[in-house]
Peer 1: 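Please find one structure pasted underneath; my questions will follow.
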Amino acid sequence: MIEICLVSMSLDEVRAATGTYPCNCFADNPTVAVQGIGDSGEGFLARSRALRELIGSEAKLYLEVLGDTCEEMVADARRIVAEVPGNTLVKIPACPEGYRAIRELAEVGIRSSCTAVFDVEQALLAEAAGAVCVAVYVSRLDRAGCDGMGVVRDIATAFREIGARAMVCAASLKTPRDVERALLAGAENVTVDLALLDQLATSPLT
């Protein structure tokens with residue numbers, strides 16, 4: 001099943017999206033966490049628990065660690081899954097410390113999505129470490145003069161060749177056409193915000 005992943009920490013946005021669209025997983029990142037929480041004074045974990053209550057225990061919820069070292073990432077991840085129960089996964093960056101953290105977390109049953117993946121080599125290392133998902137930042141690659149969708153396609157092809165268990169996520173998508181191209185390239189998870197969901201749902205021909 002394809003995952004349509006809403007990236008938002010705004011409870012109002014999540015209510016609006018889930019009331020209309022078939023979102024089956026949810027995620028944060030530092031920017032949307034700040035935007036979603038705003039001036040409420042609510043902490044990140046408190047907002048994450050409120051989000052978990054809103055979406056239910058079975059929906060996937062990807063929450064990002066903030067540490068820089070393996071030890072800090074592992075500690076963050078343990079705290080996140082302890083304080084935000086249910087089908088919660090942690091987001092770990094693609095870097096040497098991140099691969100160590102992914103491996104250590106996998107050994108104790110904590111599932112990780114490896115984020116900020118920019119090439120096949122990083123994706124293969126993340127999958128080998130035990131990541132259940134690798135997230136390719138498509139628009140960032142495009143801004144750097146690379147082919148973001150081509151990277152998604154190459155990773156999906158490589159994963160099929162080796163029988164990888166990790167799924168490919170196309171993240172940082174900006175337009176409905178981006179979502180279409182990502183799915184055709186082999187992505188199994190696409191990240192969207194509410195505005196992009198609204199664009200996906202309409203057509204001038206409807």
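On a predicted model such as this, the values are computed, not experimentally measured, just so you know. The basis for the numbers below is simple: all heavy atoms, side chains too, and nothing from hydrogens, waters or symmetry mates.
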Peer 1: Would you name the heavy atoms of P93 and V65 that are closest together and state the gap between them?
Peer 2: CD-CG2, 4.4 Å

Peer 1: As a quick check of understanding, evaluate side-chain contact (heavy atoms from CB on, under 4.5 Å) for V134 and Q122, giving each step before the final call.
Peer 2: CA-CA 9 Å; V134 298; Q122 286 184 314; over 6 Å; no

Peer 1: Under a 4.0 Å N-O cut-off, is there an ion pair linking D12 with R15?
Peer 2: yes

Peer 1: Shared ILVMFWY cluster between L45 and I55, side chains joined below 4.5 angstrom?
Peer 2: yes

Peer 1: Let's go through R49 and E53 carefully: what are the C-alpha distance in whole Å and the side-chain angles of both, what is the deciding distance for side-chain contact (heavy atoms from CB on, under 4.5 Å) to 0.1 Å, and is it a yes or a no?
Peer 2: CA-CA 6 Å; R49 286 192 294 269; E53 184 176 348; over 6 Å; no

Peer 1: To the nearest 0.5 Å, what is the distance between CG (N189) and CD1 (I4)?
Peer 2: 9.5 Å

Peer 1: What's the spacing between L196 CG and Q199 CD if we round to 0.5 Å?
Peer 2: 5.5 Å

Peer 1: Grouping I, L, V, M, F, W and Y whenever their side-chain heavy atoms are under 4.5 Å apart, do V190 and V136 come out in a common cluster?
Peer 2: yes

Peer 1: Are V192 and L184 in one and the same hydrophobic cluster, where Ile, Leu, Val, Met, Phe, Trp and Tyr link if side-chain heavy atoms are under 4.5 Å apart?
Peer 2: no

Peer 1: Donor-acceptor pair, distance only, cut-off 3.5 Å: does the side chain of D154 make one with the backbone of V151?
Peer 2: no

Peer 1: Under the side-chain contact (heavy atoms from CB on, under 4.5 Å) rule, collect the residues that match up with S48, sequence neighbours excluded.
Peer 2: M9, F44, L63, V84

Peer 1: Is it the case that the side chain of E83 and the backbone of R79 share a donor-acceptor pair, with hydrogens and angles ignored and the cut-off at 3.5 Å?
Peer 2: no

Peer 1: In this structure, would V14 and L200 fall into the same cluster of hydrophobic residues linked by side-chain contacts under 4.5 Å?
Peer 2: yes

Peer 1: Write down the atom of L194, the atom of A16, and the distance for their closest heavy-atom approach.
Peer 2: CD2-CB, 4.1 Å

Peer 1: Could you please spell out the steps behind the side-chain contact (heavy atoms from CB on, under 4.5 Å) verdict for E64 and V90?
Peer 2: CA-CA 6 Å; E64 188 158 346; V90 293; over 6 Å; no

Peer 1: Does R165 have any side-chain hydrogen bond (donor to acceptor under 3.5 Å, both in side chains) partners at least two apart in sequence or in another chain, and if so, which?
Peer 2: none

Peer 1: Can you name the closest pair of heavy atoms from A50 and E42 and give their distance?
Peer 2: CB-OE2, 4.2 Å

Peer 1: Using the side-chain contact (heavy atoms from CB on, under 4.5 Å) rule, take F118 and R140 through it: C-alpha gap first, then chi angles, then the decisive distance, then the call.
Peer 2: CA-CA 9 Å; F118 296 110; R140 194 178 300 181; 3.6 Å; yes

Peer 1: Do I162 and L124 have side chains that approach each other closer than 4.5 Å (heavy atoms only, starting at C-beta)?
Peer 2: yes

Peer 1: Evaluate the side-chain proximity of T191 to S172: yes if any heavy-atom separation is below 4.5 Å, no if none is.
Peer 2: no

Peer 1: Over all heavy atoms of both residues, which pair between A182 and V152 is shortest? Give the atoms and the distance, please.
Peer 2: O-CG1, 4.2 Å

Peer 1: What pairs with D198 under side-chain hydrogen bond (donor to acceptor under 3.5 Å, both in side chains), at least two apart in sequence or on another chain?
Peer 2: Y21

Peer 1: Between D147 (side chain) and L141 (backbone), is there a donor-acceptor pair under 3.5 Å?
Peer 2: no

Peer 1: SG of C23 to CG of L197: how many Å apart, nearest 0.5 Å?
Peer 2: 4.5 Å

Peer 1: Kindly write out the residues that satisfy side-chain contact (heavy atoms from CB on, under 4.5 Å) with S203, not counting sequence neighbours, or none if the list is empty.
Peer 2: L205, T206

Peer 1: If the condition is side-chain contact (heavy atoms from CB on, under 4.5 Å), which residues does A131 pass it with, not counting sequence neighbours?
Peer 2: I102, C114, A126

Peer 1: Distance-only, no hydrogens or angles: does the D76 side chain make a donor-acceptor pair with backbone N or O of G67 under 3.5 Å?
Peer 2: yes

Peer 1: Using every non-hydrogen atom in the two residues, find where F159 and A123 come nearest and quote the distance to one decimal.
Peer 2: CZ-O, 3.7 Å

Peer 1: Could you check if a side-chain atom of S8 sits within less than 4.5 angstrom of a side-chain atom of F26, using non-hydrogen atoms only?
Peer 2: no

Peer 1: What is the distance from atom OG1 of T115 to atom OH of Y137, rounded to the nearest 0.5 Å?
Peer 2: 4.0 Å

Peer 1: So which pairs with a foot in residues 86-106 pass side-chain hydrogen bond (donor to acceptor under 3.5 Å, both in side chains), sequence neighbours left out?
Peer 2: R52-T88, E71-R100, N87-R111, E97-R100

Peer 1: Roughly how far, to the nearest 0.5 Å, is CD1 of I92 from OG of S113?
Peer 2: 9.0 Å

Peer 1: Do R47 and L11 make a side-chain contact, defined as non-hydrogen atoms from C-beta onward lying under 4.5 Å apart?
Peer 2: yes

Peer 1: Do L6 and L183 share a hydrophobic cluster, counting only Ile, Leu, Val, Met, Phe, Trp and Tyr and linking them when any side-chain heavy atoms are less than 4.5 Å apart?
Peer 2: yes

Peer 1: Between C95 and M73, what is the shortest heavy-atom contact and its length?
Peer 2: SG-CE, 4.2 Å

Peer 1: Taking atom CD1 of I155 and atom CG of D119, what is their separation to the nearest 0.5 Å?
Peer 2: 7.0 Å

Peer 1: For E72, does the CD atom have more than 12 heavy-atom neighbours from other residues, nucleotides or ligands under 6.0 Å away?
Peer 2: yes

